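Working notes for the structure below.
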Amino acid sequence: MKSTMTMTDNTTGKSYEFEIKDATRGPSVVDISSFYAQTGMFTFDNGYTSTASCVSDITFIDGAKGELRYRGKPIEELAKNHTYLETCYLLLNSKLPNKEELNAFDLELRHRSFLHEGLKNLFLTFPSGGHPMAALSAATATLSTFFYSHLNINDENEYQEMARRIVAKMPTIAAFAYRHSIGASFIQPDITKSFTENFLYMLRAYPNGHMHIDPEGERVIKPIEVEALDTIFTLHADHEQNASTSIVRGVASTGAHPYVAISSGISALWGRAHGGANESVIKQLEMIGSVDRVDEFIARAKDPKDEFRLMGFGHRVYKNFDPRAKILKGLQDKLKDELNLDSNLMQIANKIEEIALSDEYFISRKLYPNIDFYSGVILTALQIPKTMFTPIFVIGRTVGWITQWIEFKKDKTTKIARPRQLYLGK
Ligand code: ACO
C-alpha cells in the first residue's frame with residue numbers, strides 16, 4: 001500500500017492526499033507535484049529549506065550525524081585511502097577503478113589538460129588584477145564554443161567524454177586565469193606530472209617552466225603538498241544539491257551546453273555565503289589580526305544589528321559537524337610540523353573555534369566550523385594565493401557538477417526548473 005499524507009485546508013475543510021516516497025537513506029519526501037493542480041495554491045519554501053528538487057544516487061549527506069558519502073562510500077575512507085582521480089572515477093562511473101581503469105583515466109586526463117590556443121586569447125582580454133573566478137567562469141562558458149559539435153545529447157559516451165575533458169582542463173583554466181591576473185605568462189601542463197602536482201606546477205613555475213631555485217638546489221613540489229591538495233580536491237568533489245549544483249541542474253533543465261551550466265555553477269560558487277567563504281575566512285582572520293581581538297569579533301557576530309558573520313561557520317545541512325572540516329583539521333595538525341603554517345592565523349582560528357563551540361549563541365543555532373574554516377590556513381601553507389582559494393574549490397567540484405549534469409540528462413522525467421511566486425505587487 002502506498003504511504004500518503006493528508007493535508008486539510010482549514011478555510012474550506014477540503015482534504016488532499018499526497019504520496020510519500022521513501023529514500024534509501026535519509027528523509028522520505030512528500031510528492032507535491034500535483035499540489036497546484038489539486039488545490040489551486042502553490043507551496044512556499046524560501047531558500048528551499050524543505051524542498052527536495054530531484055532524485056539522485058550520487059551523494060548522500062546526513063546533516064544531523066555529520067555524514068557525507070559519494071556513491072555510498074564515506075568521505076573519510078575516500079580521503080584516507082583514495083586519490084582525487086579515483087574519487088572522480090567513482091563519481092562518474094559509480095565504482096572505484098581497478099588499476100588498468102585508473103591508468104587509462106589518468107592518462108586521458110593528462111592528455112586532455114591542454115587548452116585550445118584560441119582560448120588563451122580570451123584571458124588576454126581581461127584586465128590584470130581581476131579576480132580569477134570571473135575569468136574561470138568566462139573561460140568555461142567559452143569552452144563550449146570549441147566543443148559544441150561533439151555533443152550528442154542522447155549518447156552517454158559523449159557525456160562521459162565531455163565530463164573527462166572539463167575535469168582535465170579546469171586546473172589549466174584556473175592556472176591561466178591566475179597567471180594572467182598577476183601579469184605572468186602561461187605555463188603549459190606537464191603530462192609527466194599527476195593531476196594535482198601539475199596544477200601546483202602551472203601555478204608556481206617560472207615562464208621557462210623551471211621551478212624556484214633555492215640554496216639547496218632546484219626546489220621540487222613536495223609530495224606532502226601534493227597529498228594535502230589532493231585531499232582538499234577530494235573533499236570538495238561533490239555535495240549533493242548545494243546552491244551551485246542546483247544552478248548547474250537548473251541551467252541543464254533548459255537544454256543549454258554543459259560547460260555553460262558549469263560556468264553558471266562557478267558564478268554561484270563565487271559568493272561568500274558559498275565557496276567564496278574560504279577566501280573570506282582568511283581575510284577575516286587577517287583582519288582580526290591577533291588573538292586578543294577575537295572576543296570583539298565574536299560579539300559582533302552575535303549582535304543582531306551588526307551584519308558581520310563569522311566566515312567559515314554555519315551550514316544549511318550540517319547541524320552537528322561538517323565531516324570535511326574534521327578531516328581538514330586533522331590534515332592541518334599533520335602539516336604543522338612539515339610545512340610553514342602561519343602560527344598567528346592558526347592561533348586566531350583556534351581561539352575562534354574554542355569560543356564558538358562553547359558559546360550559547362553558536363550552540364543554540366547549531367553553528368559549527370565548516371570546510372572553509374580550515375582550508376584557508378592549509379592553502380596558505382601550500383603557497384596558494386588567496387584569490388585562488390575559490391578556484392581550487394572549482395577544480396575539486398567540477399566533477400560533481402558534471403556528474404550531476406549527466407544524472408539530470410539521463411533522467412527522462414526531469415522538467416525545466418520553473419518555480420512560481422507569491423505575488424504581492426500592484
Ligand atoms: N556567524 C554568525 N551568525 C550566523 C552565522 C555565522 N557564520 N551563520 C548563521 N548565523 C546565524 C544567523 O544570523 C541566524 O541567526 P537568527 O536565527 O538569530 O536570525 C541563524 O544563525 C541561522 O542562519 P541562516 O542564515 O538562516 O542559516 P542558513 O542555513 O540559511 O545559512 C550559511 C547557512 C549561508 C552557510 C550561513 O551559516 C553563513 O552565512 N555562514 C557564513 C558563510 C560560510 O561560511 N559559508 C560557507 C558555507 S559551506 C560551503 O558553501 C562550502
Side-chain angles (χ1 to χ4, degrees), residues 44-51 59 61 63-64 66 68 70 75 133 231-248 265-285 287-288 294-329 348-349 351-379 386 389-401 404:
F44 184 72
D45 182 16
N46 194 1
Y48 309 122
T49 55
S50 299
T51 296
T59 292
I61 304 173
L68 168 63
Y70 301 157
I75 191 67
M133 280 297 279
T231 302
I232 288 180
F233 286 150
T234 299
L235 298 181
H236 287 91
D238 195 43
H239 214 228
E240 202 230 62
Q241 306 313 317
N242 59 86
S244 54
T245 301
S246 300
I247 298 292
V248 169
I266 293 171
S267 302
L269 191 80
W270 192 5
R272 63 185 211 138
H274 194 9
N278 57 12
E279 186 181 338
S280 302
V281 167
I282 214 80
K283 285 183 176 164
Q284 198 168 80
L285 294 177
M287 179 182 77
I288 295 171
V294 167
D295 286 333
E296 179 195 326
F297 285 92
I298 294 274
R300 284 189 61 189
K302 289 160 59 176
D303 181 354
K305 290 194 241 55
D306 193 331
E307 284 190 353
F308 179 85
R309 276 191 172 200
L310 267 191
M311 288 292 116
F313 267 79
H315 197 276
R316 171 60 65 78
V317 183
Y318 294 120
K319 299 297 175 195
N320 182 334
F321 65 91
D322 178 341
R324 303 166 303 172
K326 214 173 176 179
I327 295 168
L328 279 190
K329 191 170 161 54
I348 299 169
K351 175 90 175 167
I352 292 175
E353 187 188 342
E354 187 190 306
I355 298 180
L357 293 181
S358 57
D359 188 296
E360 169 57 21
Y361 175 93
F362 294 91
I363 294 171
S364 62
R365 288 170 181 75
K366 298 187 165 52
L367 301 172
Y368 295 89
N370 57 49
I371 186 169
D372 297 319
F373 189 69
Y374 298 106
S375 57
V377 174
I378 299 174
L379 292 174
K386 281 195 277 292
F389 288 7
T390 317
I392 297 256
F393 196 149
V394 169
I395 295 172
R397 183 56 56 84
T398 297
V399 71
W401 286 328
Q404 300 267 353

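As the structure lists them, so they are numbered: ligands from 1, and atoms in each ligand from 1. The figures that follow rest on heavy atoms only: side chains count, while hydrogens, waters and symmetry mates do not. All values derive from a computational prediction rather than experimental measurement.
- Under a 3.5 Å cut-off, the side chain of N278 and the backbone N or O of G376 do not form any donor-acceptor pair.
- Contacts between D372 and ligand 1, counted as non-hydrogen atom pairs separated by less than 4.0 Å, involve the side chain only.
- Every atom of ligand 1 with a heavy atom of A301 under 4.0 Å away is listed here by number and element: 2 (C).
- We find that K351 and D295 are not joined by a salt bridge, their nearest charged nitrogen and carboxylate oxygen being 4.0 Å or further apart.
- A side-chain donor-acceptor contact under 3.5 Å links S244 and N242.
- For ligand 1, the atoms sitting less than 4.0 Å from at least one non-hydrogen atom of G312 are 43 (C), 44 (O), numbered in the order shown with element in parentheses.
- In this structure a side-chain-to-backbone donor-acceptor pair under 3.5 Å is present from D322 to I371.
- For atom 1 (N) of ligand 1, the nearest protein heavy atom (residue, atom name, distance) is L310 N, 3.1 Å.
- Checked against the 6.0 Å centroid criterion, the rings of F313 and F373 qualify as a close aromatic pair.
- Counting heavy atoms closer than 4.0 Å to ligand 1, residue K302 contributes nothing at all.
- Not close to ligand 1: G47, with no non-hydrogen atom less than 4.0 angstrom away.
- The neighbour count for Y48 OH, taken as heavy atoms of other residues, nucleotides or ligands under 6.0 Å away, does not exceed 12.
- At a 4.0 Å heavy-atom cut-off, ligand 1 touches F393 through the side chain alone.
- At a 4.0 Å heavy-atom cut-off, ligand 1 does not touch D322 at all.
- Under a 4.0 Å N-O distance rule, the pair E353/K329 qualifies as a salt bridge.
- Around the NZ atom of K302, the shell of radius 6.0 Å holds more than 12 heavy atoms that belong to other residues, nucleotides or ligands.
- Closest to atom 9 (C) of ligand 1 by heavy atom, among N370, L367, I371, L269, is L367.
- Taking atom 35 (C) of ligand 1 as the reference point, the nearest protein heavy-atom neighbour is G314 O, 3.7 Å.
- Between Y368 and Y318, the ring centre distance reaches or exceeds 6.0 Å.
- If you check which protein heavy atom lies closest to atom 3 (N) of ligand 1, you get Y361 OH, 2.9 Å.
- Taking the charged nitrogens against the carboxylate oxygens, E296 and R300 have no contact shorter than 4.0 Å, which rules out a salt bridge.
- Counting only heavy atoms of the protein, atom 45 (N) of ligand 1 lies nearest to A273 O, 3.0 Å.
- With hydrogens left out, the protein atom closest to atom 42 (C) of ligand 1 is R272 O, 3.7 Å, a heavy atom.
- Within the 4.0 Å cut-off (strictly below), no protein heavy atom is located near atom 31 (O) of ligand 1.
- Ring orientation note: the planes of F393 and H274 are nearly perpendicular, at an angle over 60° on the 30°/60° scale.
- For atom 43 (C) of ligand 1, the closest non-hydrogen atom of the protein is A277 CB, 3.6 Å.
- Side-chain contact annotation: Q241 with Q404, donor-acceptor N/O pair under 3.5 Å present.
- In this structure, of M311, R316, R300, R365, the residue bringing a heavy atom nearest to atom 15 (O) of ligand 1 is R365.
- At a distance under 4.0 Å, a protein heavy atom can be found next to atom 49 (C) of ligand 1.
- When the options R309, E307, H315, H236 are ranked by their closest heavy atom to atom 12 (C) of ligand 1, first place goes to R309.
- Atom 40 (N) of ligand 1 is flagged as protein-proximal [any protein heavy atom, distance under 4.0 Å].
- When distances from atom 19 (O) of ligand 1 to the protein are checked, no heavy atom turns up under 4.0 Å.
- Residue contacts with ligand 1: R324 is placed with no nitrogen or oxygen under 3.5 Å of a nitrogen or oxygen of the ligand (distance criterion only).
- Other residues, nucleotides and ligands place no more than 12 heavy atoms under 6.0 Å from the NZ atom of K326.
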